[in-house]
Amino acid sequence: MPSWLTEFPQLDRTTLVELRRGLDQAYRGFSREFGAEIEAFFDPLLFFLVWFERLLINAPWWVVIIAVCALVWSLTRSWKLIVGVAIAFLLIGFFGMWEDTMSTLAIITVCTLVSIVLGVPIGILMARSNRVQMFFMPILDVMQTMPAFVYLIPVVMLLGIGKVPGVLAVVIYAIPPVIRLTNLGIRLVDREVLEAADAFGASAWQRLVRVQVPLAMPTIMAGVNQTIMMALAMVVIAAMIGVKGLGQPVLQSITNQYFTQGLLNGLAIVALAIVFDRVSQAYGKRMQQHRGSAIHG
Amino acid sequence: MADPKIRIEGLYKIFGPNPAAAIELVRQGVSKQEMLDANDHVVGLKDINLDMAGQSIQVVMGLSGSGKSTLIRHINRLIEPTAGRVLIDGQDVAQMSKDELRDFRRHQASMVFQRFALLPHRTVAQNVAFGLNIQGLDSGEVDARVARWIERIGLGGYENHYPGHLSGGMQQRVGLGRALATDADILLMDEAFSALDPLIRYDMQSVLLDLQAELNKSIVFITHDFDEALRIGDSIAILRDGEVVQQGDPQSIVLNPADDYVTDFVKGINRGKVIKVATIMRPATDDTEGPKVDGDMLLEDVARLMTREDTGWARVVGASGAVIGVVSTADVMGSMVRLANDDDTAEAAQ
Ligand SMILES: Nc1ncnc2c1ncn2[C@@H]1O[C@H](COP(=O)(O)OP(=O)(O)OP(=O)(O)O)[C@@H](O)[C@H]1O
Ligand SMILES: [Mg+2]
């Protein structure tokens, strides 16, 4: 029997090694060549992140709680939520996790903002053309199924360890829902309302900002909500590449078998997740109030 | 008649993969059904020629699928014609550049939709302001105009409500306000009242007629309801399978339906509300006594008057005030009921 029937006709070992080495070296060369420029490109982001983190950490704890509660009030008008948020933050501080929580809050906020700023326009482009949609869909599928550790590697090779690669990794992992749901929301906008916009002579831009985006808003917000949840889920993995926050004590607990420390920090992450989730949902609902029964006219 | 406000000439619309080739077949007389079966093309409109006078209400009516929506959407070119011209004050809409078309839609033609098509996230006032925002007017001007129109269409006090919280009739008032606020001369209404309950629909027809008496817009009104067509139309065009089968004023259609399709519509209606007494009068005789009625009076009103006065005859007077004819109660009654069951009685008698 020929050998290719009994054994898988695979590349021989030396070729494989060379292939890997070749690709790795090419990428390493690329990152050596351009790493500095790319890092510089992300400087403003880093600057903002550091500034925001310091702000949260340096401000007195009660100022932060009041500010967060004021924000929750302006978004949701719900006393229950405010009380819940205040209690969650007080407990977090009481158990000594204030600073880490502030770091995590900062990075999650920045990652969410970056995801929205990039994701919404991409979703809009996808909604406008089936071709663009066909181009992005497989990329999004890969982003959502590829294990996060795998794309940590090139990110770290390119940018080293630190906050910016952390943000990048989190955004890659968390951005697909905003993109998908923006695309979906805009595609679902009532055709008759769009026809009305055309009939009144709206330009493409007016149609987008006055009709499509506002009507798609509930769906887009659902995407943002999912993105925040996914970003929080990345906190521990991001800690592996040097992102400060609640993820680091968790990592520490794994190597040292500190169960309680792990649990407490885990609970703090859960508390943040619940706060973000309830607030964004209550906000979404409040935006919906006026719609009454006749949705989309 | 002066030049028509809207003139539609040789308009064809064919939906399908290759309209340009399909139109040749249609012109050679291939039927709508054959086009659909053999060629996968839907003949939406076929050789439409229609003049619509300005400052009046032109009704287009027909059954579902007859091409009414397709036709009205050609007037502001929401649908591109396959062939033909749509002239507004002599200018062909189909030839307009993108900018010209946008300007035309912003300032010259506005539209009211069957399912209202309001923006659910904007208040009544903001919805009425929509066309003005699109025009780019500054907010002071917008507010003033919106306030005026909200009063005019009877929505005072509802400025800050959201459409989702209003009844259908109220929502369509918003739709009407939005269309009127742009001061466009042409108003396109695609089954604007069809989604409303009968009583509300009647109300809205009255609102429209009141507004029209004051504003003198050029209105194209689509409906599949013949009663509605008779009530508000100054002129009616009847569509069937994408072709105009008859056009004229309401009375002429009721008196002389062009074919069975039109006869079917005419059958069920109240002729007393359409036919004018001058149409059925006999020559005047010197010795006839009786009350004087205007020649333009509708039979129903004449019948009411004659019953009240308890008289067998009435004298019909023309515009000058001179007697031009006479009618008997029997004439009036006969013309009112004759038709309702004309064919049925004829058949029953045989
Ligand atoms: N985009 C399209 N593609 C293919 N066929 C179409 C399209 N739009 C309309 N048609 C067909 O053209 C014909 C006329 O449709 P139209 O919507 O104008 O009818 P209508 O008189 O407004 O009916 P309705 O009372 O139901 O609103 C129908 O046979 C319809 O199926
Ligand atoms: Mg229609």
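So you know, we letter chains A, B, ... as the sequences are listed, proteins then strands, and number each from 1. Side chains are part of it too, since the values below use all heavy atoms of this structure and drop only hydrogens, waters and symmetry mates.
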**Request:** Using a heavy-atom cutoff of under 4.5 Å, enumerate the residues of residues 179-187 of chain B that contact chain A, numbered in order, or state 'none'.
**Result:** B/Ala179, B/Thr182
**Message:** Just so I know, are the side chains of B/Asp225 and B/Arg201 near enough to count as touching, which here means a heavy-atom distance under 4.5 Å?
**Reply:** yes
**Prompt:** Judged by modelled atom types alone, do A/Gln144 and A/Arg180 share a side-chain donor-acceptor pair under 3.5 Å?
**Reply:** yes
**Asked** Where does A/Gln206 contact chain B at under 4.5 Å (heavy atoms): side chain, backbone, both or neither?
**Response** side chain
**Item:** Interchain contact, B/Asp103 with chain A, by part (heavy-atom threshold 4.5 Å)
**Value:** neither
**Asked** What do you reckon, are the aromatic ring centroids of B/Phe221 and B/Phe193 less than 6.0 Å apart?
**Response** yes
**Message:** Going by side-chain contact (heavy atoms from CB on, under 4.5 Å), name the residues that satisfy it together with A/Asp198, two or more places apart in sequence or in a different chain.
**Reply:** A/Arg207, B/Leu78, B/Arg105
**Portion of A/Arg210 that has a non-hydrogen atom of chain B nearer than 4.5 angstrom** = both
**Prompt:** So, is the end of the A/Arg77 side chain (NZ or CZ) under 6.0 Å from the ring centre of A/Trp73 and within 45° of the ring's axis?
**Reply:** yes
**Message:** Side chains of B/Thr223 and B/Glu228: any donor to acceptor distance under 3.5 Å?
**Reply:** yes
**Item:** Which portion of B/Phe104 sits near chain A, non-hydrogen atoms under 4.5 angstrom
**Value:** neither
**Asked** Taking NZ, NE, NH1 and NH2 as the nitrogens, is one of them in B/Glu214 or B/Arg152 under 4.0 Å from a carboxylate oxygen of the other?
**Response** yes
**Toward chain A, the part of B/Arg77 with a non-hydrogen atom under 4.5 Å** = neither
**Request:** Ignoring hydrogens and angles, state whether a donor on the side chain of A/Gln133 or A/Arg187 is under 3.5 Å from an acceptor on the partner side chain.
**Result:** yes
